[in-house]
Amino acid sequence: MLDVRRLRLLRELAHHGTIAAVAEALAFSPSAVSQQLSVLEREAGVPLLERTGRRVALTPAGLNLVRHAEAVLERLEQASAELAHARRGLAGPLRIGTYPSAARAIVPAALAGLAARHPGLEPMVTEVDPAAVAAALRAGELDVALVHEYDLVPAEPEPGLALTQPVFTEPMYLAAAAAGTVAEHRSSPWIMAPAGTLCHAMTLRACQSAGFTPRVRHHVDDFTTVLALVAVGQGVALVPHLGTVPAPPPGVVLTRLPMYRRTRTAFRAGAAAHPAVAAFTAALHSAVPAELGGGVPQV
C-alpha cells in the first residue's frame, strides 16, 4: 500500500525540483525526505528517481505516480470538505494567507463579517507574497489565500491548486510628482518591490513594454512607504488602487494607467466545497468596496 504522506513528498519533488527545496518547503531535513522517498520506491517496486551526483530526476514511472498522487490528494480534500459539511457549525482554525495591501484594506472587514456569521471559526492571517502561496498551500501551512495577478504578469497554473474567479479588480496608477506616462519616466529613478515578487515583475514588464529598463533606486514592498518616498522626490512607482488607500501624501500625483490587478482566492484542489473556505470567500466578496466589484451575498 502506498503511503499518502510519501506521495505528497514525491509530488513536491516534482514541483520544487530538488530534495533540499522540498525539505525547506515542508520543514523536514533533506535526509528525512531522501529516506521517505526511498521507502516509497520500495513500496512502488520500481525506480521512481534517477540520481546523478547530488541531483535527482523523476523517472517516467515517478512522473506517472505524481499524476495519480495529485488525484488522490484532491479526493482527500473533497472528503475533508464533505466531512466538514456533516458537522454542525463551522469551528476551528482557518489559516488565511494575504498580501499586505489587502490585509490592510479588505481582510479586516471580511474577518468581522466572518465572525458575525461563524463565531466558532478561528481565522489566522499570515502575510505572504502571492509567489509563495502555492508552496504554502500544498505544504498545509495555509487553507486559503488571496493571490493577485497583473495584466502583464498573468497567473501560471499550479498543479494541486484551484482559483476562484476574480473577487475584485483594481486599476493601476503611476505615482510621480506630476501627471505623465510610464514612457516619460525612462530617465527617472524607480521604486520597485524586491526581486522575485509579482509586483517587481509587473513594474519591470511595464517599463520594458514602454521601451526601457528602469533604473531602480529603492526596493520597497510596502506601498505606503513607496508613496512616502515618491512624495519626497526619491523616484516614481506603479501602485495598485488598494496601495493608494486612504489617500497618497501631498506631492504625489496619481495617473491612471490602462492596466489592472486582479485578486482571486486560492486553495488546494478539491477544497472549493469546504464550508470554511466557502464562508471566507463569501465574506471577502462582501467586504470589497462596491467600486471594485464587491457585494456578493454571504454563505
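A quick note: this is a predicted structure, and the numbers were derived from the prediction, not measured.
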Chemist: Check whether R217 reaches the backbone of G235 with its side chain - one donor and one acceptor, N or O, closer than 3.5 Å.
Modeler: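 Pair absent, no side-chain N/O of R217 close to backbone of G235.
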
Chemist: Classify the ring geometry of W190 against F212: parallel below 30°, tilted from 30° to 60°, perpendicular beyond 60°.
Modeler: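 Correct class here is tilted.
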
Chemist: Using a 3.5 Å distance criterion without hydrogens, assess whether the side chain of R95 forms a donor-acceptor pair with backbone atoms of G140.
Modeler: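 Yes: the side chain of R95 pairs with the backbone of G140.
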
Chemist: If you count the non-hydrogen atoms of other residues, nucleotides and ligands that lie under 6.0 Å from CZ in R75, is the total more than 12?
Modeler: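 No.
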
Chemist: Check step by step if side-chain contact (heavy atoms from CB on, under 4.5 Å) holds for E74 and Q78.
Modeler: CA-CA 6 Å; E74 181 173 349; Q78 292 171 351; 3.7 Å; yes

Chemist: So does R264 pair up with E149, basic N to acidic O under 4.0 Å?
Modeler: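 The answer is yes: the pair qualifies as a salt bridge.
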
Chemist: Would you name the heavy atoms of V252 and L227 that are closest together and state the gap between them?
Modeler: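 So the minimum-distance heavy-atom pair works out to CG2-O, 3.5 Å.
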
Chemist: Could you tell me whether a side-chain N or O of T197 sits under 3.5 Å from a main-chain N or O of P194, the two making a donor and an acceptor?
Modeler: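 Yes: the side chain of T197 pairs with the backbone of P194.
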
Chemist: Which heavy atom of R11 sits nearest to which heavy atom of G160, and what is that distance?
Modeler: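 Distance-wise, the nearest heavy atoms are NH1-CA, 4.1 Å.
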
Chemist: Please determine whether a side-chain nitrogen of the Lys or Arg among R138 and E158 lies less than 4.0 Å from a carboxylate oxygen of the Asp or Glu.
Modeler: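 Looking at R138 and E158, the cut-off is met.
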
Chemist: Over all heavy atoms of both residues, which pair between V133 and A145 is shortest? Give the atoms and the distance, please.
Modeler: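 Nearest heavy atoms, V133 then A145: CG1-CB, 3.7 Å.
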
Chemist: Tell me whether E43 is salt-bridged to R6, with the criterion being a basic N under 4.0 Å from an acidic carboxylate O.
Modeler: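 Judged by the 4.0 Å cut-off on N to carboxylate O distance, E43 and R6 do form a salt bridge.
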
Chemist: What distance do T263 atom OG1 and L284 atom CG have between them, rounded to the nearest 0.5 Å?
Modeler: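 One finds 8.5 Å between OG1 of T263 and CG of L284.
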
Chemist: With clusters defined by side-chain heavy atoms of hydrophobic residues (ILVMFWY) lying less than 4.5 Å apart, directly or transitively, does I191 cluster with Y173?
Modeler: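 Yes, because Y173 and I191 connect within a single hydrophobic cluster, where side-chain heavy atoms sit under 4.5 Å apart.
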
Chemist: So, taking the atom named CG in L137 and the one named CG in L142, what distance separates them when rounded to the nearest 0.5 Å?
Modeler: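 Result: 5.0 Å between the selected atoms.
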
Chemist: With a 3.5 Å distance limit and no angle check, can you tell me whether S209 reaches the backbone of R205 through a side-chain donor-acceptor pair?
Modeler: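 Yes.
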
Chemist: Is it the case that the side chain of E170 and the backbone of L242 share a donor-acceptor pair, with hydrogens and angles ignored and the cut-off at 3.5 Å?
Modeler: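 Yes, E170 side chain to L242 backbone: donor-acceptor pair under 3.5 Å.
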
Chemist: Rounded to the nearest 0.5 Å, how far apart are CG of L73 and NE2 of H68?
Modeler: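 Going from the CG atom of L73 to the NE2 atom of H68 covers 13.0 Å.
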
Chemist: Which pair of non-hydrogen atoms, one from P130 and one from L198, has the smallest distance, and what is that distance?
Modeler: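 Here P130 and L198 meet closest at CB-CD1, 3.6 Å.
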
Chemist: Can any side-chain N or O of T59 pair as donor or acceptor with the backbone N or O of P47 at less than 3.5 Å?
Modeler: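 The answer is yes, because a donor-acceptor pair under 3.5 Å joins these two groups.
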
Chemist: Do V182 and V153 share a hydrophobic cluster, counting only Ile, Leu, Val, Met, Phe, Trp and Tyr and linking them when any side-chain heavy atoms are less than 4.5 Å apart?
Modeler: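 Cluster IDs for V182 and V153 match.
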
Chemist: Would you say the side-chain atoms of E41 pair up with the backbone N or O of V46, donor to acceptor, closer than 3.5 Å?
Modeler: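 Side chain of E41 to backbone of V46, a donor-acceptor pair under 3.5 Å: no, none is there.
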
Chemist: Any sub-3.5 Å donor-acceptor pair from T181's side-chain atoms to E184's backbone N or O?
Modeler: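 Present.
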
Chemist: Strictly distance-based, threshold 3.5 Å: is any side-chain N or O of D151 a donor or acceptor partner for the main-chain N or O of Y260?
Modeler: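 Looks like yes, one N/O pair under 3.5 Å.
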
Chemist: Look only at the side chain of T98 and the backbone of E127, and say whether a donor-acceptor pair between them is shorter than 3.5 Å.
Modeler: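 Not at all, since once roles are kept as given, no pair shorter than 3.5 Å links the two residues.
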
Chemist: Nearest 0.5 Å, please: how far is CE in M202 from CG in L152?
Modeler: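 It comes to 8.5 Å.
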
Chemist: Are V22 and V66 in one and the same hydrophobic cluster, where Ile, Leu, Val, Met, Phe, Trp and Tyr link if side-chain heavy atoms are under 4.5 Å apart?
Modeler: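 Yes; tracing contacts between hydrophobic side chains, which count when under 4.5 Å, links both residues.
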
Chemist: Judged by modelled atom types alone, do R261 and S101 share a side-chain donor-acceptor pair under 3.5 Å?
Modeler: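 The criterion, which ignores hydrogens and geometry beyond distance, is satisfied for S101 and R261.
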
Chemist: Does one hydrophobic cluster hold both V239 and M192, with members joined at side-chain heavy-atom distances below 4.5 Å?
Modeler: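 No: no chain of side-chain contacts under 4.5 Å links V239 to M192.
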
Chemist: Could you state the interatomic distance from CZ (F280) to CD1 (I96), rounded to the nearest 0.5 Å?
Modeler: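 So the gap between those two atoms works out to 4.0 Å.
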
Chemist: Compare every heavy atom of A110 with every heavy atom of A287, then report the nearest pair and how far apart it is.
Modeler: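 It is CB-N, 3.5 Å.
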
Chemist: Measuring only between side-chain heavy atoms, which start at C-beta, is L37 closer than 4.5 Å to L10?
Modeler: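 Yes, at least one pair of side-chain atoms sits under 4.5 Å.
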
Chemist: Below 30° counts as parallel, above 60° as perpendicular, anything between as tilted: where do the rings of H148 and Y99 land?
Modeler: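 Answer is perpendicular, since the angle exceeds 60°.
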
Chemist: Show the nearest heavy-atom pair for residues S188 and R215, with the distance to one decimal.
Modeler: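 Of all heavy-atom pairs spanning S188 and R215, the closest is C-NH2, 3.8 Å.
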
Chemist: Are side-chain N/O atoms of E77 and H274 paired as donor and acceptor at under 3.5 Å?
Modeler: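 Side-chain D/A pair, E77 to H274: absent.
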
Chemist: Test of understanding: clusters of I, L, V, M, F, W, Y form through side-chain heavy atoms closer than 4.5 Å, transitively. Do V56 and L7 belong to the same one?
Modeler: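 Cluster IDs for V56 and L7 match.
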
